[in-house]
There are 2 protein chains.
Amino acid sequence: MPATATAISARSVPAFALDPNSVISVRDATVRPLAKTPTRCSSCNLREICLPCGFSGQDTDRLDELVYTRRTVKRGESLYRAGDAFNSLYAVRSGFFKTTQTLEDGRDQVTGFQMAGEILGMDGIGPEQHGCSAVALEDSQVCVIPYARLEQLSHEMPGMQRQFHKMMSREIVREHGVMLLLGSMRAEERLAAFLLNLSQRFTARGYSPSEFNLRMTREEIGSFLGLKLETVSRLFSRFHEESLIKVWQKSISILDIAGLRRLMGQRMH
Amino acid sequence: MPATATAISARSVPAFALDPNSVISVRDATVRPLAKTPTRCSSCNLREICLPCGFSGQDTDRLDELVYTRRTVKRGESLYRAGDAFNSLYAVRSGFFKTTQTLEDGRDQVTGFQMAGEILGMDGIGPEQHGCSAVALEDSQVCVIPYARLEQLSHEMPGMQRQFHKMMSREIVREHGVMLLLGSMRAEERLAAFLLNLSQRFTARGYSPSEFNLRMTREEIGSFLGLKLETVSRLFSRFHEESLIKVWQKSISILDIAGLRRLMGQRMH
DNA sequence: CGGGGATTTGACACATATCAAGAGCGGTGG
DNA sequence: CCACCGCTCTTGATATGTGTCAAATCCCCG
């Protein structure tokens, strides 16, 4: 069986994020009144794809002790920068972020894109300071999760501890996927994998799997994929010609998911 | 300031492992009688670079509750394989491992090399099964850390919990470094970074910073660095010609650390 | 001591980077 | 409302780094 997008982004290689097991019917979630008490995890419409995922009602309530602040980050602003002291993790409540890692000589690289329900800042725990910067790609809001409180709650609730371990572990798995992508895929495979991954993550959030807007520039995509922006642009054009996708500026329609998946299976030959 | 090896492998980009803060005088450690009760963390000569790092005497004793089994893995054998159920983490006690991630079409990639004191298997926690395989590159021994017990102990000892979080976080940081390497460095920079990282890790274990034996083949190095084995071989030859290193089969002498560091700073231009 | 994998090295191919120019779009200010 | 400016994107021509294929040698392991 050739490598399918599902395989890449979901099973052994969750290329960028989100366990497929947490792919939920968001319709169900959105039926409920939207965030009457919006700072509470227990009533958050993201609870099934965010930190609370997997908790039962009673336990979810306890999460409300954890998250008591929101923070708004305008497009282009940083949530934190490399070198900042580490105090909190952040759950994306709305909007879109990129994380970038910088080398002393100025080179820097996008290490990930984060959307609603995803957690930012886990790389800061070990060094006790952030190693990368998180920048909002559109006006965004995050829930602040003070790490000390998370530790405390993990101590009291074994379920919480395990949930948090799982989240960190999944981040490691996600990065393995990116390493595979950067280390062994050709440019067209990388871009196909990228699009399929975005599609999957939008789907999990109740959006269309095939129509979405890119929040990032060609350069940011290229940086993430280890390619130059011109290469990304050319590939978009080629995918367009081949009727795999429709691109117009930042708006993307995926026309042939199976075709993209097929692309990904091809060995560097 | 150009990117130095130290920068890459130590500070913002701990390219492959091991926090420089844990770079200890191993001489001190090796003075003590070597493993009279060798299954105990409290008397293990690796305790300053392994899981117990950072614990005081009393706490270290409690670690002995955690690790009660050793396992020997012969060269070429797997410690675990992708798809195996996840039960335990493993601390390398002696020897050398590689971890590989596989794609359905047969492509696979080395995602890391692990030496004494480093932890294997953290990617299994989230999915509850191992996503990659760990293979011994020489006859090796690992300490088995049952995950359930680790959770238990984390619950009882806040310090343990934090220590474990830090370890996972550092693994994330390490992988960020690899992503940077794969995404934005040229072949010669990658190999230089690789050699410097190995050197640093050997140093931290009390071995020579400049003379060591590679345990892995050119192909495995290439796979890890996203290069073909021929490219790795050619680069070794070139570094040799340029008197940066001396290579003879698997044995390496680094002749000019500063030169290798300089190499790494060069932009992909 | 034999054999098969590992390594080296060369010639060549090709994917992607680089350089360059121009077009499109969006925001800002007159 | 229009004009301008800057940034993003597209596209072409060309350069180059690294992959591919092939052959010979080496050496380690059984």
Side-chain angles (χ1 to χ4, degrees), chain A residues 74-76 98 107 109-110 135 137-139 181-194 213-242 245-252 263-264 266-269, chain B residues 74-77 98 107 109-110 135-139 181-194 213-242 245-252 263-264 266-269:
Chain A
K74 291 230 186 78
R75 174 184 172 150
K98 68 170 177 182
R107 260 188 289 199
Q109 176 162 9
V110 174
V135 177
L137 296 180
E138 59 184 31
D139 293 355
L181 180 140
L182 291 173
S184 68
M185 286 171 125
R186 302 151 38 86
E188 59 179 20
E189 298 178 275
R190 295 185 199 184
L191 191 63
F194 176 70
N213 272 68
L214 298 172
R215 271 73 172 182
M216 65 296 276
T217 66
R218 304 288 189 261
E219 184 166 22
E220 285 160 338
I221 296 172
S223 170
F224 179 62
L225 298 178
L227 302 170
K228 292 295 160 186
L229 70 99
E230 295 95 329
T231 304
V232 173
S233 176
R234 269 185 253 272
L235 285 171
F236 271 138
S237 301
R238 208 171 88 212
F239 286 3
H240 190 113
E241 281 167 32
E242 295 169 353
I245 61 176
K246 223 172 71 184
V247 210
W248 201 75
Q249 297 293 110
K250 305 228 160 158
S251 104
I252 298 276
L263 253 188
M264 274 189 38
Q266 287 164 210
R267 273 177 161 294
M268 186 190 289
H269 109 136
Chain B
K74 291 228 185 80
R75 173 184 174 150
E77 289 178 355
K98 68 170 177 182
R107 259 187 290 198
Q109 176 161 9
V110 174
V135 177
L137 296 181
E138 59 184 31
D139 292 355
L181 179 139
L182 292 173
S184 69
M185 286 172 125
R186 303 152 35 89
E188 59 179 20
E189 297 177 277
R190 295 184 200 185
L191 191 63
F194 175 71
N213 271 69
L214 300 173
R215 270 73 172 183
M216 65 296 277
T217 66
R218 305 287 190 259
E219 183 166 23
E220 286 161 339
I221 297 171
S223 170
F224 179 63
L225 299 178
L227 302 170
K228 291 295 159 187
L229 70 98
E230 294 95 330
T231 304
V232 173
S233 175
R234 269 186 253 272
L235 285 171
F236 271 139
S237 301
R238 207 171 87 212
F239 286 2
H240 189 112
E241 281 168 32
E242 294 169 353
I245 62 176
K246 222 171 70 180
V247 210
W248 174 248
Q249 296 293 111
K250 305 229 158 156
S251 104
I252 298 277
L263 253 188
M264 274 189 38
Q266 287 164 209
R267 275 180 159 292
M268 187 190 289
H269 108 136

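Chain naming here is simple, since letters A, B, ... match the order of the sequence lines and numbering starts at 1 in each. Since this is a predicted model, take the numbers as computed values, not measurements.
Between the side chain of A:Glu242 and the backbone N or O of A:Phe239, no donor-acceptor pair lies under 3.5 Å. A distance-only check finds a donor-acceptor pair linking the side chain of A:Ser237 to the backbone of A:Ser233 [under 3.5 Å]. Proximity of a side-chain donor or acceptor of A:Glu219 to a complementary backbone N or O of A:Leu229 within less than 3.5 Å is not detected.
Using a 4.0 Å cut-off between charged side-chain N and carboxylate O, A:Glu189 and B:Arg107 make a salt bridge. Ion pairing between A:Glu188 and A:Arg186 holds under the 4.0 Å rule for side-chain N and carboxylate O.
Residue B:Gly226 is classed as a sugar-phosphate contact, given heavy-atom separations below 4.0 Å to backbone atoms only. Among the heavy atoms of the strands lying under 4.0 Å from B:Arg75 are primed sugar atoms or P, OP1, OP2 only; no base atom is included.
Between A:Glu188 atom CD and C:dA17 atom P there is a gap of 13 Å when expressed in whole angstrom units. Spacing between atom CG of A:Leu191 and atom P of C:dA15 amounts to 16 Å, rounded to whole angstrom units. Separating the CG atom of A:Leu225 from the C1' atom of C:dT16 is a distance of 14 Å, rounded to the nearest angstrom. The CZ atom of A:Arg215 sits 18 Å away from the C1' atom of D:dT8 (whole-angstrom rounding). Atom CD1 of A:Ile252 is separated from atom P of D:dC9 by 11 Å (rounded to the nearest Å). B:Met185 places its CE atom 16 Å from the P atom of D:dG17, with the value rounded to the nearest Å. Between the CD1 atom of A:Ile221 and the P atom of C:dT16 there is a distance of 16 Å, rounded to whole Å.
Every salt bridge (Lys or Arg N to Asp or Glu O under 4.0 Å) that A:Arg215 has, sequence neighbours left out, goes to A:Glu138.
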>> Each nucleotide in nucleotides 6-14 of chain C should get exactly one letter: B, S or -. Can you fill that in based on protein heavy atoms under 4.0 Å?
In response: -SBBBB---

